[in-house]
Amino acid sequence: MSMLEVQGLKKTYSTRFGGAKVEALKNVGFEVDEGEYVAIMGESGSGKTTLLNMLAAIDKPTAGSVKLKGKELATIPDKALASFRREHLGFVFQDFNLLDTFSLKDNIFLPLVLAGQKYTEMESRLRPIAKALNIQELLEKYPYEVSGGQKQRAAVARAIITRPELLLADEPTGALDSKATDELLALFGEINRAGQTIVMVTHSVKAASHANRVLFIRDGEVFHQVYRGEDNNEAMYQKISNTLTLLTTGGE
Ligand SMILES: Nc1ncnc2c1ncn2[C@@H]1O[C@H](COP(=O)(O)OP(=O)(O)OP(=O)(O)O)[C@@H](O)[C@H]1O
Ligand SMILES: [Mg+2]
């Protein structure tokens, strides 16, 4: 079954001073099945964050449609959006979006607190996630007391602790060193094998090589896809980097 159906998606930003408009997304269409692990790649400014924001109903498209399990996001009333997101989606923001007045642990617990979850349940969910992300020792610290990579891992923990139907992650390894990247990719692989649907924006060929499919966006459109098929991560890595080479050289 389809987890996500995106059709004719368009987003035009108008600048504050009535200047030139930016066509961030022109015409994006794709589907993601339940249980899939999809990476999205594209140059800086190609519209990846814009796309994720539309998928998460954080921002409204100029035209087109996004359906999550058949439900058109545009039909959800504004006042119901926050709880809809909390119930169905996990989002790892490119700039983490942690609250500075909360410890990492309280940041991670926040969506569960808002959902009225019991403390013992929150604790037992956090334990394996904190271990996998290697942040057990940092949970009582505040965001301004930890590094960018540590904040990023807390943001990932917050996104997956609710066991969302769809995990949307914007460059989730962007601030991580190679060891933390490997740990995060192992965790994503594990939760995906357990059924978690993942859509991950990334600049990293290595991160993308863990997905089952890679969408490449350019000039506000999906213009190419790479499928894993029966390939292992190494072969997938090769296919992705060949595609990127082809794209940057224009196929010459
Ligand atoms: N709120 C906004 N108002 C006006 N223009 C915007 C806004 N947000 C993004 N843009 C523009 O839309 C285009 C796409 O931006 P977006 O953030 O989606 O790119 P991206 O692919 O995520 O880039 P990066 O890899 O650097 O994160 C860019 O030209 C950007 O300047
Ligand atoms: Mg971005």
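In listed order, ligands and their atoms are each counted from 1.
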## Note on the structure
Note: heavy atom closest to atom 12 (O) of ligand 1, options Gly220, Ala24, Ser44, belongs to Ala24

### Enumerated ligand 1 atoms positioned under 4.0 Å from heavy atoms of Val22
11 (C), 12 (O), 29 (O)

### Task
Could you check atom 15 (O) of ligand 1 against the protein and tell me its nearest heavy-atom contact, residue, atom and distance included?
Thr50 OG1, 3.7 Å

### Message
Going by the closest heavy atom to atom 28 (C) of ligand 1, which one wins out of Gly45, Gly174, Ser14?
### Response
Gly45

#### Entry: Tyr237 with Val38, same ILVMFWY side-chain cluster at under 4.5 Å
no

### Query
Would Leu187 and Val199 show up in the same hydrophobic cluster when neighbours are defined by side-chain heavy atoms closer than 4.5 Å?
no

#### Entry: Contact with ligand 1 for Glu171, non-hydrogen, under 4.0 angstrom
no

### Task
For the pair Lys60 and Asp78, evaluate salt bridge (Lys or Arg N to Asp or Glu O under 4.0 Å) and give the outcome as yes or no after the intermediate values.
CA-CA 10 Å; Lys60 290 192 188 337; Asp78 282 351; 2.9 Å; yes

### Query
Looking only at heavy atoms, is any part of Gln94 under 4.0 Å from ligand 1, and if so is it the side chain, the backbone, or both, or is it neither?
side chain

### Task
Starting from atom 9 (C) of ligand 1, locate the nearest protein heavy atom and write down its residue, its atom name and how far away it is, to 0.1 Å.
Tyr13 CE1, 3.4 Å

### Query
Looking at atom 20 (P) of ligand 1, would you say a protein heavy atom lies below 4.0 Å from it?
yes

### Task
Identify, by atom number and element, the atoms of ligand 1 in contact range of Glu43, meaning under 4.0 Å from any of its heavy atoms.
21 (O)

### Query
Do any heavy atoms of Lys11 fall under 4.0 Å from ligand 1?
no

### Task
Specify the protein heavy atom at minimum distance from atom 25 (O) of ligand 1: its residue, its atom name, and the distance to 0.1 Å.
Lys48 NZ, 2.7 Å

### Task
Just grab all the ring-ring contact (aromatic ring centres under 6.0 Å, His included) pairs involving residues 127-181, residues at least two apart or on different chains.
Tyr142-Tyr144

## Note on the structure
Protein N/O/S atoms closer than 2.8 Å to the Mg ion (ligand 2), ordered by chain and number, come to Thr49 OG1, Gln94 OE1

### Summary
Smallest heavy-atom separation, Met236 atom then Arg228 atom, equals SD-CA, 3.5 Å

### Query
Distance below 4.0 Å between atom 30 (C) of ligand 1 and any protein heavy atom?
no

#### Entry: Heavy-atom closest contact (Ala132 atom, Glu183 atom, distance)
O-CB, 3.7 Å

#### Entry: Residues which pass side chain to side chain contact (heavy atoms under 4.5 Å, CB included) with Leu110, listed by chain and number, not counting sequence neighbours
Leu99, Phe102, Leu114

#### Entry: Exercise: identify the closest heavy-atom pair between Glu123 and Lys105
OE2-NZ, 3.0 Å

### Test side chain to side chain contact (heavy atoms under 4.5 Å, CB included) applied to Asp219 - qualifying residues, sequence neighbours left out
Lys26

### Query
Is any side-chain heavy atom of Arg218 closer than 4.5 Å to a side-chain heavy atom of His224?
no

### Query
Hey, are the side chains of Leu104 and Pro143 touching, using non-hydrogen atoms and a 4.5 Å cut-off?
yes

### Task
Would you indicate whether the side-chain heavy atoms of Glu36 and Glu31 approach each other to under 4.5 Å?
no

### Summary
Quick note on ligand 1: atoms under 4.0 Å from a heavy atom of His203 include exactly 25 (O)

### Query
Below 4.5 Å, heavy atoms only, C-beta onward: do Glu165 and Glu34 meet side chain to side chain?
no

### Query
Under 4.0 angstrom from ligand 1, any heavy atom of Gly42?
no

### Query
In terms of residue, atom name and distance, what is the protein heavy atom nearest to atom 17 (O) of ligand 1?
Thr49 CB, 3.7 Å

